[in-house]
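Please read through the structure below; I'll follow up with questions.
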Amino acid sequence: MNIKSPLLVLVSLALGAGLLSACGSSESSPAAQSSSTDKNVHFLYNFSTRSLDPHVDSSYVPLRAGITETLVRLDEENLTVAPWLAESWESEDGQHWTIDLRDDVTFQNGKPMTGEAVKASLERALEENVAIQNALKIDTIEAEGDKLEITTTQPFPEFASELVNPNTAIIDVSEPDIVNKPMGTGPFKLTSFTPGSKLELDRYDAYWDGASPLDSVTFSFNEDANARSLALKSGQVDIVYRPEVESLDSLQTLDGMKVESTSTFRVHQMTMNMQRESIKDLNVRRALDALIDRQGIVDTILLGYGEPAIGPFLPSLPFAPTYTDATTESGADVAIKYLGEAGYTLQNGVMSKDGKPLQLTLLTYSARADLPLIAQVFQSDAKKIGIDVQIRQIDTPEDYMASNRDWDIATYSNLTAPRGDAGYYLNATYHPKGALNFSGSEEPELTKIIDELNLTVAPEKRAELAEQAANYVHDNVLNSFVLHPATIVAYNGKKIKNWVTTRSEYYMITNKLDVM
């Protein structure tokens with residue numbers, strides 16, 4: 001791989017050499033450890049994890065690394081669910097489900113994947129993860145041979161699509177250390193795990209869908225986008241997930257380097273803490289929403305690798321509302337108008353009400369490099385109209401926002417249609433029992449729409465209800481939506497074969513991945 005600038009070589013090698021130390025490891029590179037005939041791929045991801053328990057790990061690393069699999073998976077081309085560990089499923093009433101399992105699957109310890117083993121795995125997921133309890137609504141599970149009989153607490157036509165969730169991955173629960181060494185059914189078995197740093201994986205030769213052509217995979221973490229790009233340039237890693245956007249031009253000049261960009265079911269949003277006094281005022285929320293310079297952020301921070309968002313769903317999805325210009329007015333003048341309606345005035349450069357300045361705490365996190373930049377742009381624009389925004393960096397947004405209410409707004413990135421359906425996002429983010437309802441909103445009218453959606457089978461009616469829910473969120477500014485980012489992956493095209501950049505962001509290390 002040619003890198004023309006000697007200075008760039010030195011900088012890349014220096015920073016690249018720090019990659020593993022930045023992840024908390026002092027071990028030598030995989031290339032140095034492997035034999036000359038070992039077919040290894042080194043994948044560098046942007047989120048670290050300290051636990052590989054697939055039933056609670058919010059980074060979904062066990063599934064993304066090819067260790068675990070779910071009963072069904074998303075068919076991204078058709079936006080439907082497709083068989084995976086389950087061959088088929090059926091229900092006449094949406095409440096009593098029969099699932100037929102594949103009979104040729106083994107766990108990576110050689111034990112067969114029986115109905116009893118799947119039952120035990122699902123029951124553990126329900127026990128360990130309240131969000132999974134709420135999502136699956138399972139009442140009872142019975143197993144006989146390779147067949148499961150599942151009854152939900154209510155008619156739930158979309159039950160099968162919820163089984164796409166990586167937290168429902170099937171593992172052998174009899175293994176003693178699920179946190180550090182889960183035993184799944186995927187094409188790669190874990191050989192070592194350094195929390196916060198990396199996984200080492202070997203091919204599982206008895207994999208039911210055909211053994212991988214690779215001997216091994218290294219799955220590393222680094223939350224610094226610049227370090228990820230430099231590690232790829234220096235040849236220390238083979239594939240980088242979400243390289244630094246500013247580095248893409250220089251990456252594309254390198255011999256054999258491939259950069260892929262695809263639209264995803266993701267939205268960057270400004271989460272509103274509905275339990276804070278100032279945020280409870282709809283006009284304040286409207287003002288904050290109007291301050292977001294969506295197109296400017298896409299152009300300057302993402303360099304065009306994304307599109308402005310009005311609602312949570314990509315406009316191309318069948319359940320996304322069509323917004324009019326009248327519903328999307330923005331700018332400082334619009335923000336000042338709404339704040340005036342909320343009783344605020346701008347005096348001596350300070351926006352205040354009853355003598356009290358409008359001060360906001362804005363949470364952000366660095367694992368998604370563009371979020372802190374979005375926070376800084378918002379802080380600057382808010383300052384221009386007298387709003388004091390204090391930015392607070394946090395490490396794990398889900399844990400912090402769920403446990404603390406000492407913040408007003410937060411930049412957050414969310415998959416909104418990872419099952420190809422609106423139900424996941426609406427239930428998780430706006431239902432009172434939703435696992436991602438960090439705003440703490442409880443809107444009876446919206447909850448009623450979501451509950452009806454959960455009982456509806458017909459796609460046209462589901463799309464209508466989803467659109468109603470999205471419009472309610474928009475009209476009441478329960479959250480603000482900034483942009484739909486593209487997922488960018490860069491890799492060594494002279495080495496890597498059969499890499500696929502997925503829209504769901506679930507499926508990464510597969511048994512099809514190979515090297516030249």
Side-chain angles (χ1 to χ4, degrees), residues 58 129-137 153-154 156-159 161-162 164-165 167 265-276 279-282 284-286 288-289 292 309-315 317-321 323 327 363 397-398 400-405 407-456 461-484:
S58 61
N129 193 326
V130 174
I132 291 300
Q133 287 181 30
N134 294 335
L136 297 184
K137 302 176 175 59
T153 57
Q154 64 185 60
F156 185 25
E158 287 302 303
F159 169 71
S161 70
E162 288 297 329
V164 172
N165 191 321
N167 287 144
F265 307 125
R266 179 173 293 282
V267 71
H268 287 356
Q269 68 184 43
M270 194 79 77
T271 298
M272 307 282 184
N273 184 351
M274 301 288 283
Q275 297 176 5
R276 300 283 272 191
I279 303 299
K280 288 179 181 179
D281 192 313
L282 173 57
V284 172
R285 300 198 301 273
R286 284 173 172 164
L288 300 181
D289 183 79
I292 301 171
I310 300 173
F313 305 120
L314 278 171
L317 292 171
F319 41 81
Y323 302 99
T327 64
L363 303 181
E398 293 82 7
Y400 191 93
M401 289 192 286
S403 305
N404 300 277
R405 309 310 294 170
W407 54 276
D408 300 287
I409 50 180
T411 60
Y412 187 65
S413 188
N414 203 342
L415 282 169
T416 58
R419 328 276 199 266
D421 183 85
Y424 159 77
Y425 175 79
L426 294 173
N427 275 281
T429 310
Y430 301 106
H431 199 282
K433 294 182 179 180
L436 304 179
N437 187 357
F438 303 128
S439 66
S441 61
E442 292 193 35
E443 304 284 328
E445 184 178 341
L446 179 58
T447 302
K448 183 179 179 181
I449 296 171
I450 296 171
D451 286 340
E452 185 178 354
L453 175 69
N454 292 337
L455 298 174
T456 301
K461 180 61 176 176
R462 289 185 63 80
E464 178 185 326
L465 289 166
E467 187 171 343
Q468 287 180 26
N471 277 324
Y472 185 97
V473 170
H474 177 271
D475 294 343
N476 291 276
V477 199
L478 300 184
N479 287 313
S480 286
F481 305 98
V482 183
L483 57 88
H484 299 289

(request) Give a yes-or-no answer on whether the side chains of T456 and N454 include a donor-acceptor pair shorter than 3.5 Å. (result) no

(request) Kindly say whether N476 contributes a backbone atom to a donor-acceptor pair with the side chain of R285 at under 3.5 angstrom? (result) yes

(message) Within a 6.0 Å radius of atom NZ on K280, are there more than 12 heavy atoms belonging to other residues, nucleotides or ligands?
(response) yes

(request) Mind running side-chain contact (heavy atoms from CB on, under 4.5 Å) on V482 and Q269 for me, showing each step along the way? (result) CA-CA 5 Å; V482 183; Q269 68 184 43; 5.6 Å; no

(message) Measuring from atom OG1 of T416 to atom CG of D421, what distance do you get when rounded to the nearest 0.5 angstrom?
(response) 11.0 Å

(request) Could you pull out the closest heavy-atom pair between A410 and M401, with the gap in Å? (result) CB-SD, 3.6 Å

(request) For F438 and T429, run side-chain contact (heavy atoms from CB on, under 4.5 Å): C-alpha distance rounded to whole Å, both residues' side-chain angles, the deciding distance at 0.1 Å, then the answer. (result) CA-CA 7 Å; F438 303 128; T429 310; over 6 Å; no

(message) Under a 3.5 Å distance rule, please check whether N437 uses its side chain to pair with a backbone N or O of H431 as donor and acceptor.
(response) yes

(message) Please tell me whether Y472 and E443 have a donor and an acceptor in their side chains that are separated by less than 3.5 angstrom.
(response) yes

(request) I would like to know whether N427 and N134 meet side-chain contact (heavy atoms from CB on, under 4.5 Å); could you show each step before the answer? (result) CA-CA 9 Å; N427 275 281; N134 294 335; over 6 Å; no

(request) Compute whether any side-chain donor of one residue and acceptor of the other, for N165 and Y424, lie under 3.5 angstrom apart. (result) no

(message) Restricting to non-hydrogen atoms, name the atom on D475 and the atom on R286 that form the minimum distance, rounded to 0.1 Å.
(response) O-NH2, 3.9 Å

(request) Measure the spacing between OG1 of T271 and CG of L363 and express it to the nearest 0.5 Å. (result) 9.0 Å

(request) Start with the C-alpha gap between Y430 and Y425, add the side-chain angles, then the distance that decides, and say whether ring-ring contact (aromatic ring centres under 6.0 Å, His included) holds. (result) CA-CA 8 Å; Y430 301 106; Y425 175 79; 5.4 Å; yes

(request) Verify the distance criterion only: is there a donor paired with an acceptor across the side chains of Y412 and E398 at less than 3.5 Å? (result) yes

(message) Rounded at 0.5 Å granularity, tell me how far OG1 in T447 sits from CG in D451.
(response) 6.5 Å

(message) Within the 4.5 Å heavy-atom criterion, are L478 and M272 side-chain neighbours or not?
(response) no

(request) Heavy atoms only: give me the nearest D289-S480 pair and the separation to one decimal. (result) OD1-OG, 2.8 Å

(request) Output the distance between atom CZ (R462) and atom CD (E452), rounded to the nearest 0.5 Å. (result) 11.0 Å

(request) Describe, in one word, how the ring planes of F313 and F319 are oriented to each other, choosing from parallel (under 30°), tilted (30 to 60°) and perpendicular (over 60°). (result) perpendicular

(message) Determine whether F159 and L136 satisfy the following criterion, side-chain contact (heavy atoms from CB on, under 4.5 Å), listing intermediate values before the conclusion.
(response) CA-CA 6 Å; F159 169 71; L136 297 184; 4.2 Å; yes

(request) Look only at the side chain of N273 and the backbone of W407, and say whether a donor-acceptor pair between them is shorter than 3.5 Å. (result) yes

(request) Enter the distance from R266:CZ to N414:CG here, rounded to the nearest 0.5 Å. (result) 7.0 Å

(message) So that I can tick it off, tell me whether E445 and K448 are bridged by a salt bridge, with the cut-off set at under 4.0 angstrom between side-chain N and carboxylate O.
(response) no

